[in-house]
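Report on one structure; see the data block that follows.
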Amino acid sequence: MARPNEEVEALLQEYADLIAITRGDAIKARAYEKAARAIGGYPSDVSHLDVKGLRDIPGVGKSIAEKVTEYFRTGRVSAVEETRSRIPAGVRELITIPTLGPKKAMTLYQDLHISSIDELADAIHAEKLRDLRGFGEKTEENILHGIALMQQAGDRILLNVAMDTAEDIVAELSRTSGCERCAYAGSLRRMKETIGDIDVLVAADRSAPFMAALTGLPLTAEVIAHGGKKTSIRTTKGLQVDLRVVPPDSWGAGLQYFSGSKAHNIRTRTIAVRRGLKLSEYGLFDAESGQQIASRSEEEVYARLDLPWIPPTLREDRGEIEAGIKGELPALVTERDIRGDLHTHTDLTDGLAPLEEMVRAAAARGYAYYAITDHAPNLYMQQMTDAKILAQRERVRELDGKHRRMRLLHGTELNIDPDGEVDWPQDFLEGFDICVASVHSHFNLSRKEMTRRLVRACENPHVNVIGHPTTRLIGKRQGIDADWDEVFAVCARTGTALEVNAQPDRLDLCDEDILSAKRYGVKFAIDTDAHSTVTLAHLRYGVGTAQRGWLTKDDVINTWPLQRLRRFLRKERTT
DNA sequence: GCCGTTTTCGGCCCGACTGTTTTCAGTCG
């Protein structure tokens, strides 16, 4: 997707943050935030637009359009530079700590000259915050907890950020002459939820041109190591990329080796050793004679170990070797199996694109059906009303089947309140084709209360899918605490699907929870929760996560034909 | 800063919760 849009989004968001931190006009800050989001979700490349074209984007007026063109003309925006010079970058970093906002960050900077997360942690431990107005014991505790949460994610970055960079690099190296094969490997190929560094593999006779191509990329900020077999760089975003070049006839062995996981590779190497073989990144060899037995493709390497090819998303030593030996590997769900998205938003609530645009973009993805599920009234900021949702339903019915014969489902994303109740009474819910229900508040109930809350939502005859079930935000918020075994059992019993939310900072349920839930016979919905046409493409991350949870097509309700899906959506209600 | 007009200024997503205060500021969804 258009990278320039993301650059501008980040820049405008930064400016909005800086305005908020410097106690500037809050409404102005919000205007920049809104424009940032609009440009981030804008479906075509904004670097090709002039001021007039930019102003056609909702939320972008004269001032912001001029800043955007200034950015593409000069690589910088003077107004942003000016504000940056007054506020160290570390102060902005402070507001990424959950519960710490712009006001507190500015107080910390002005009164204690704190301008980094480390300095803040030190200051708390030295009890320097005690005298600050607005800061108390609990605040210190919350900040430290927030910092701990962020450190748990460590230096790892979200899947989509790594994927964008990796795909750029692979595309670039593939164009380099002499390239026989090129792919990313490592945890990215296994679709782990966060990525430490990017591994890229090239098959070629000569390595030098590829090493040079990598170190010469515009995104390369620093060369960490530069050799004949391996080169490591750090990107401008601080992400490490390791490139390895192997001879073409070692491609399969190299890809297998560098895809990992470590635990999986230990198992495959042990199997090799037991057979008098040796497995390395260069191939499978006879241990005694050193004769090369297999190496050209992954399939060939696995086959000589009497294993079927194992999909990378399963390679975690979580039973895939045993399943492979028995010929019981699951036929994993793929992106192509998905017939429709069942959780999406429009600009009627907090989405960016109007209904028609979302529908058109969904149809372009080849979906057979598509659900629109805007927020329900209890999420107050969304200002939903009965009249608005019913008017939307009329328009959905009009558009049904009009784009590539794609069928439309009219739904909503309900809010599960602390008692497990949802926004609308049963007779009103009856009018929806599908209801997703999610937790959006009261994250800190006791385990018992939270379990009861989710169980009651599942028992609601109109609730079809529990959206982002744990509500975790990777690196930001821990998931809610519930007796998940009980919840999974109730989901299976009531015919309530659990969502695999594909937003890269959610991936919720996560792979391990999916594995647990599947044992109870739960069904799943892989949804994007898209708020723009662009993010419909995040589906792949949901599919990757589902694969890591060993899901097959049959486990996932939105791979089913519409008729079967509709039967599922009726739950136990008899009609 | 943007938008949409009753075209040139007034409104802009609203309410809950938390922790700090002693009546409310800050953060979040």
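Predicted model, so just to flag it, every value in this text is computed and none were measured.
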Query raised in the report: Going by a 90° cut-off around 0, is B:dT7 syn or anti?
Result: syn
Query raised in the report: When you measure from every atom of DNA chain B, which of residues 385-395 of chain A have a heavy atom less than 4.0 Å away?
Result: none
Query raised in the report: For atom C1', what is the distance between B:dG26 and B:dT20, given to the nearest Å?
Result: 10 Å
Query raised in the report: Which residues satisfy the side-chain hydrogen bond (donor to acceptor under 3.5 Å, both in side chains) test with A:K104, sequence neighbours excluded?
Result: none
Report task. Go through the steps to decide whether A:H440 and A:H442 satisfy the test ring-ring contact (aromatic ring centres under 6.0 Å, His included), and finish with yes or no. Result -> CA-CA 7 Å; A:H440 286 124; A:H442 301 89; over 10 Å; no
Query - Euclidean distance, A:T545 OG1 relative to A:E193 CD, rounded to 0.5 Å - result: 7.5 Å
Requested in this report: Give a yes or no answer on whether the side chain of A:E421 reaches the backbone of A:D417 with a donor-acceptor pair at less than 3.5 Å.
Outcome: no
Query raised in the report: Any donor and acceptor pair, going by atom type alone, linking the side chain of A:K571 with main-chain N or O of A:V463 inside 3.5 Å?
Result: yes
Query raised in the report: For every nucleotide of nucleotides 17-27 of chain B, 5' to 3': is a protein heavy atom under 4.0 Å from its base (B), only from its sugar-phosphate (S), or from neither (-)?
Result: S-SSS----SS
Query raised in the report: Can you name the residues that form a side-chain hydrogen bond (donor to acceptor under 3.5 Å, both in side chains) with A:T533, not counting sequence neighbours?
Result: none
Query raised in the report: Can you tell me if A:D118 and A:S116 form a side-chain donor-acceptor pair at under 3.5 Å?
Result: no
Query raised in the report: For the pair made of CG in A:N378 and C1' in B:dA16, what is the distance, rounded to whole Å?
Result: 12 Å
Report task. Please determine, by modelled atom types, if A:N558 and A:Y369 share a side-chain donor-acceptor pair under 3.5 angstrom. Result -> no
Report summary line: Protein heavy-atom contacts under 4.0 Å, written 5' to 3' over nucleotides 2-15 of chain B as B (base), S (sugar-phosphate only) or - (none), form the string SS--------BBBS
Requested in this report: For B:dT8, decide between syn and anti, treating a glycosidic angle within 90° of 0 as syn.
Outcome: syn
Query raised in the report: With sequence neighbours excluded, what pairs up with A:Y367 under the ring-ring contact (aromatic ring centres under 6.0 Å, His included) test?
Result: none
Requested in this report: Sort out the partner of B:dC2 for me: Watson-Crick or G-U wobble, both distances under 3.5 Å, none otherwise.
Outcome: B:dG11
Query raised in the report: P atom, B:dA16 versus B:dT21: distance in rounded Å?
Result: 24 Å
Query - Separation of B:dA16 P from A:F443 CZ (nearest whole Å) - result: 16 Å
Query - For atom NE2 of A:H440 and atom C1' of B:dC28, their distance in whole Å - result: 13 Å
Query raised in the report: Using the P atom in both, what is the distance from B:dG1 to B:dT5, to the nearest Å?
Result: 22 Å
Requested in this report: Using atom CG of A:D350 as one end and atom P of B:dC28 as the other, report the distance to the nearest whole Å.
Outcome: 17 Å
Requested in this report: Show the numbers, then the answer: is there a salt bridge (Lys or Arg N to Asp or Glu O under 4.0 Å) between A:R30 and A:E33?
Outcome: CA-CA 5 Å; A:R30 194 149 71 201; A:E33 236 164 56; over 6 Å; no
Requested in this report: Sticking with atom C1', work out how far B:dT27 lies from B:dC13, rounded to a whole angstrom.
Outcome: 15 Å
Query - B:dC12 to B:dT6 separation - P atoms, rounded to the nearest Å - result: 16 Å
Query raised in the report: If only atom types and distance count, is the side chain of A:N415 paired as donor or acceptor with the main-chain N or O of A:P377 below 3.5 Å?
Result: no
Report task. Considering only atom C1', compute the distance from B:dC24 to B:dG10 and round it to an integer number of Å. Result -> 27 Å
Report summary line: Taken to the nearest whole Å, CG/A:D423 to C1'/B:dG29 is 14 Å
Report task. With A:H531 as reference, evaluate A:T349, A:T346, A:D350, A:T344 under the side-chain hydrogen bond (donor to acceptor under 3.5 Å, both in side chains) test and give the passing residue. Result -> A:D350
